[in-house]
Amino acid sequence: MAAMFSQNPLMNGPNYSVNDAPRIGAPEGAREHRFDPYTDNGGSTLAIAGADFAIMAGDTRLTSGYSINSRFHPKLFKIGGTTADQKDATIVLSVVGFAADGEALKERLDAICKMYRYRHGKPMSVKACAQRLSTILYGKRFFPYYAYAILAGLDEEGKGAVYSYDPVGSYEREQCRAGGAAASLIMPFLDNQVNFKNQYIPNSGEGHALVERERRPLTRREVEILVKDAFDGAVERHIEVGDGLQMMIITKSGIEEVLLPLKKD
Amino acid sequence: MFRNNYDNDSVTFSPQGRIFQVEYAAEAVKQGSVVVGIASKTHVALVAIKRNAEELSSYQKKLFPIDEHVGIAIAGLTSDARVLSNFMKQQCLAHRLTYGRSMPVRTLVDMIGSKAQINTQHYGKRPYGVGLLVAGVDDHGPHLFEFQPSGMTEEMVAFAIGARSQMARTYLEKNLDKFADCDREELIRHGLKALKESLVQDRELTVDNTSVGVAGADKAGVVEPFKVYDGQEVSAWIESVADDKEAAPAGGSGEGETMEVDS
Amino acid sequence: MDHRPQAWGRPRDDVYGPYDASYLHNNQPKTATQSPIVTGTSVIAIKFKDGVVMAADNLASYGSLARFTDVKRLRPFLSTSVVGFGGDVSDMQFLDRHLNELAIDEAYEAEGCSAGGLGSSAQEPDASPGASKGQLNAANLHKYLTKLMYRRRNSFDPLWNQILVAGFDSASAPFLASVDLRGTAFTSPSLATGYGAMLAQPIMRKYAATEEDAAKLTRDDAVRVVRECMKVLFYRDARSLDRFSLAVVTRDGVDISEDEVLEQQSWAFAERIRGYGTQTV
């Protein structure tokens, strides 16, 4: 008790209340991590490259858990047009996974494409855009965008180009790719129908002598039907997929958008 | 010998209450080639004379698109203009990202106004040596703003800045009442006519030295994004204001009709 | 007189004892909202042909305690939009103050525009008082709130709310959208937060499954559906109240009544409920 009334600075330190000594203990900005910043909003996407076109497709359902938040929430975005309505865009990005990250990713890529056009006076090529998207994703390697992205457009030779990504930026150019909740349902179907995997010419031999069916580029009409079939199948077996099918067909004359109904159950 | 002691920096007033560095910056604007801007109820147009340093060189750009609804015309130091242009572009993009709408033109102009003013009040800084005409459309319709190195900004119906711009302004003042109801083509022709007034004796408008930029809007919003026209794209407009056609029907409206009406 | 300036103006140690300075600074890590404390339950809203109806009850719960029974969870913005908050009430109040600032800034900008309309179409004054040209509409506001919420989640300091925004978009069509504490944003003809997503949303979707259906509903229809939903929520949501706020936003402006009462309740069904917990007969 004596110490309480003591004026001796040595006994209980300087008697002023504001401590100007440097703070020790927690590092600056340390945060407790209990809040989970991620959710999965379901949905599925799909892209197929053709000889002179590319098709991107995605369902329009947005879920959280067992609830359907929205029956129309597009996952496909035109990228890099001169105006906000993206009338003259030539590239399409699809994102599936965590919707807020997907939205942020799309807006960043679009802003970058717009700055590119402003600085260089020409639109970004799909190849350049694809590389840039990878860099953006890897830039958040330690707090990733939880989004599976697919980029589609036409390459320098006018051929359909599809680039697929994982959430931290690994990417490759492919003939076709399915992403999102029903990717594991759609991808094997695509392997068989687009790349003719496990398709052989009947009576061409036994075992290893079997001759594979010759691969040929699909026509636009064929691909459109394929996409619809793939999604009808996914809707049947996956609860997070349904409501609407949004399709974008990229050709040299621009991007065509098609909306088709899917089962709403 | 007389030497001005009050023009070494922009933080010192002269005894007459002037800041010479800012006034010198305004002189830099007058060194740039002339640019003209006019706004009507539906459109806003910018027209400019481009200069080439010598016969062999290319022409210096005068009009810059900022965002889909805004463009600028510059007179003065091009490099200073680029700094402001980049800033405006960034601000417009940021506004679009946060609010999902195009930035109101006045808000944008106020931002460069404040930015330029800082340079007139801090030691070691230099005012921008460039004047701008900012043309844009927003929910309130088309707008034309003037920007000066001092940081002053003002909304205009029509204006011209740059070398010999007084002649162009005289033309604009004379025809002031016509602008509000002009259509897109008439507005551009008025701009080009004003531009011609400012040309030196034996120069004339050519496809090489003329730039035109237009944006349009109605009450609902942007209907025509800002676009710059150069080279052959402007030849029809230049021909329509050629001297021999000048004598034809009074005013621009008559010409517009003969061009469009098929009778 | 104490000779040390540091002690001047402070309580004398010989009288009051030395000040315990440890109260003034904490060496703990900076904490964010890790979980909501005082919470509001569902907010529900449905579009109709001329606008949007939104409702939320006036209760703020502290866990299972009905702590504050007169908390208004709907607020207008610029008299053109309505914002409804579910989730943490203190974060709601923070957002409320933030939106007030935003609204004031917006009002100043609008003043600047109308003051100097030279070449612009300042000739014609706005037809309806609700729609103010050039000001943030509900779509703009929703975009802004989405960015705000997403930024806070990125810094692991979320605002623990789910928010509904109702009003009109730039094409002057009815607008209704939601944003949550992670920045996930979406729109739909009808929306509900919390328990409302389970209990009210199916009812509302019966009346407005699509935008076209919603465009056929009248104001009275929409209000009736929302009242019905509030009743269902009061029956089944233990954290709800029978006093609620009802907002109707149309092109003429925002109409909020904050002291609505659920009428014609029928608890007859309750007697027949058997089999929960220990009750067996």
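Order of the sequence lines sets the chain letters (A, B, ...), proteins ahead of strands, with each chain counted from 1. Please read these numbers as outputs of a predicted model, since none were measured by experiment.
Chain A forms more heavy-atom pairs under 4.5 Å with one residue of B:Ile66, B:Asp67, B:Leu97 than with any other, namely B:Leu97.
Heavy-atom neighbours of A:Tyr148 OH from other residues, nucleotides or ligands within 6.0 Å: at or below the threshold of 12. A 6.0 Å sphere centred on NZ of A:Lys159 holds no more than 12 heavy atoms belonging to other residues, nucleotides or ligands. For B:Glu55, the CD atom counts as loosely surrounded, since its 6.0 Å shell holds 12 or fewer non-hydrogen atoms of other residues, nucleotides or ligands. Remark: B:Glu233 CD is packed, more than 12 non-hydrogen atoms of other residues, nucleotides or ligands lying under 6.0 Å away. Summarising the local packing, OH of A:Tyr138 is surrounded by 12 or fewer heavy atoms from other residues, nucleotides or ligands at distances under 6.0 Å. Within a 6.0 Å sphere centred on NZ of A:Lys127, heavy atoms belonging to other residues, nucleotides or ligands number 12 at most.
For residues 74-87 of chain A, heavy-atom neighbours of chain B at less than 4.5 Å comprise A:Thr82, A:Thr83, A:Ala84, sorted by residue number. Within residues 91-118 of chain A, the residues approaching chain B closer than 4.5 Å by heavy atoms are, in numerical order, A:Glu107, A:Ala111, A:Lys114, A:Met115, A:Tyr118. Proximity to chain B at a heavy-atom threshold of 4.5 Å picks out nothing from residues 247-258 of chain A.
Every residue meeting the salt bridge (Lys or Arg N to Asp or Glu O under 4.0 Å) condition with A:Glu224, not counting sequence neighbours, appears here in chain and number order: A:Arg220, A:Arg221.
The part of B:Leu93 that comes within reach of chain A is its side chain, from C-beta onward, which places non-hydrogen atoms under 4.5 angstrom from that chain.
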